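Here is the structure we will look at, set down as structure tokens.
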Amino acid sequence: METSDITAWLYDNLPQVTLLIGGLLAVAIAVAYFKDKDSGKYKALMALGVVFGVVMALEAALYYGEWRLITSVFVAVAAFTLIIRPFREIHFAVIIGLFIMVLVYIWLGGLTEVSGVDISFLADNPVRIVVAFVIGGLAYAVLNFGEALVKLFGKILNWWPLLFVLGCLCIVEAAFMFMGLGSIADYISTGS
């Protein structure tokens, strides 16, 4: 088989291959977590899952509309699950809120006038600190809510039995597609 033949086959079967690899990774991560969540194998699989999860998300975005909706949903959910797993305990809201606070503090230092209105009082240190703190706090509050939602769905989808089932669903969906049977949804709706 020539390289061009392999490339053409991969392009023609991209959704199936993506689902198959993502599903195998999800199952492998769940099994490795169940056996020993502190092992190097589990951590390596998790890192590989993040990398492949990003690839899956990019493919789902690039081929949106070209793939069946159910396939895109499986790919997107699996991608999210693989990407979020190692980041479930990191508090991004605090980091981004502090970053916004510093940027606002720096930006306010250069303000003198806007549309002919003197706002140089905002550049004074006590006012500048308070304004930067309030804006950073507001950004933190909004981001913290978003982070909590992402973590909630991340924890639910990354519960190892559910991760295992999700991986198996991706593998079965890929197998149905490879065999020309359509999708799991088609199989369920026809009852055959």
Side-chain angles (χ1 to χ4, degrees), residues 1-92 95 146-192:
M1 198 176 233
E2 292 184 29
T3 306
S4 61
D5 293 338
I6 294 171
T7 305
W9 183 87
L10 277 174
Y11 182 77
D12 291 341
N13 296 292
L14 190 59
Q16 297 94 301
V17 172
T18 302
L19 281 168
L20 181 62
I21 295 171
L24 290 171
L25 271 170
V27 167
I29 289 169
V31 169
Y33 178 85
F34 180 72
K35 286 185 176 179
D36 183 10
K37 65 181 178 182
D38 296 321
S39 71
K41 180 180 180 181
Y42 168 69
K43 291 176 183 172
L45 283 169
M46 221 173 28
L48 186 59
V50 169
V51 171
F52 193 72
V54 169
V55 170
M56 290 175 79
L58 289 172
E59 287 176 1
L62 289 172
Y63 295 103
Y64 180 77
E66 292 181 37
W67 293 355
R68 294 186 60 180
L69 180 61
I70 190 74
T71 302
S72 295
V73 168
F74 275 128
V75 171
V77 170
F80 171 78
T81 305
L82 291 173
I83 292 169
I84 197 68
R85 188 164 189 84
F87 302 110
R88 290 174 298 167
E89 302 305 320
I90 297 174
H91 298 287
F92 288 104
I95 296 166
E147 181 180 289
L149 286 176
V150 168
K151 284 184 180 184
L152 172 68
F153 289 114
K155 284 191 184 282
I156 291 169
L157 292 172
N158 275 292
W159 180 49
W160 73 264
L162 193 56
L163 180 64
F164 184 83
V165 169
L166 176 64
C168 290
L169 281 172
C170 287
I171 293 168
V172 170
E173 177 76 4
F176 273 42
M177 292 170 74
F178 274 125
M179 293 186 294
L181 299 175
S183 171
I184 295 172
D186 297 333
Y187 185 76
I188 291 171
S189 68
T190 60
S192 26

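Keep in mind that what you see is a predicted model, and the values were worked out from it rather than measured.
Shortest non-hydrogen contact noted between L166 and A78 is CD2-CA, 4.1 Å. Nearest heavy atom pair, residue A79 against residue A57, reads CB-N, 3.7 Å. Between L162 and I156, the closest heavy-atom pair is CD2-O, 3.1 Å. Here the closest non-hydrogen pair linking V75 and A60 is CG1-CB, 3.8 Å. The shortest non-hydrogen separation linking T71 to P15 is CG2-CB, 3.7 Å.
Dense packing is recorded around CZ of F80, with more than 12 heavy atoms of other residues, nucleotides or ligands lying under 6.0 Å away. Atom CZ of F176 is surrounded by more than 12 heavy atoms from other residues, nucleotides or ligands within 6.0 Å. Applying the 6.0 Å contact sphere to CZ of F178 captures more than 12 heavy atoms from other residues, nucleotides or ligands.
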For residues 18-25, which side-chain donor-acceptor pairs fall under 3.5 Å, sequence neighbours excluded?
residue	atom	partner	partner atom	Å
T18	OG1	L14	O	2.7
T18	OG1	E59	OE1	2.3

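Every residue was checked against the ring-ring contact (aromatic ring centres under 6.0 Å, His included) condition with F153, not counting sequence neighbours, and none meets it.
Among the candidates L82, T81, V51, the single residue satisfying the side chain to side chain contact (heavy atoms under 4.5 Å, CB included) test with M56 is L82. For the side chain to side chain contact (heavy atoms under 4.5 Å, CB included) test with L169, the passing option among V172, I171, V165 is V165; the others fail.
Residue pairs meeting the side-chain hydrogen bond (donor to acceptor under 3.5 Å, both in side chains) criterion with at least one member in residues 39-53, sequence neighbours excluded, are Y42-R85.
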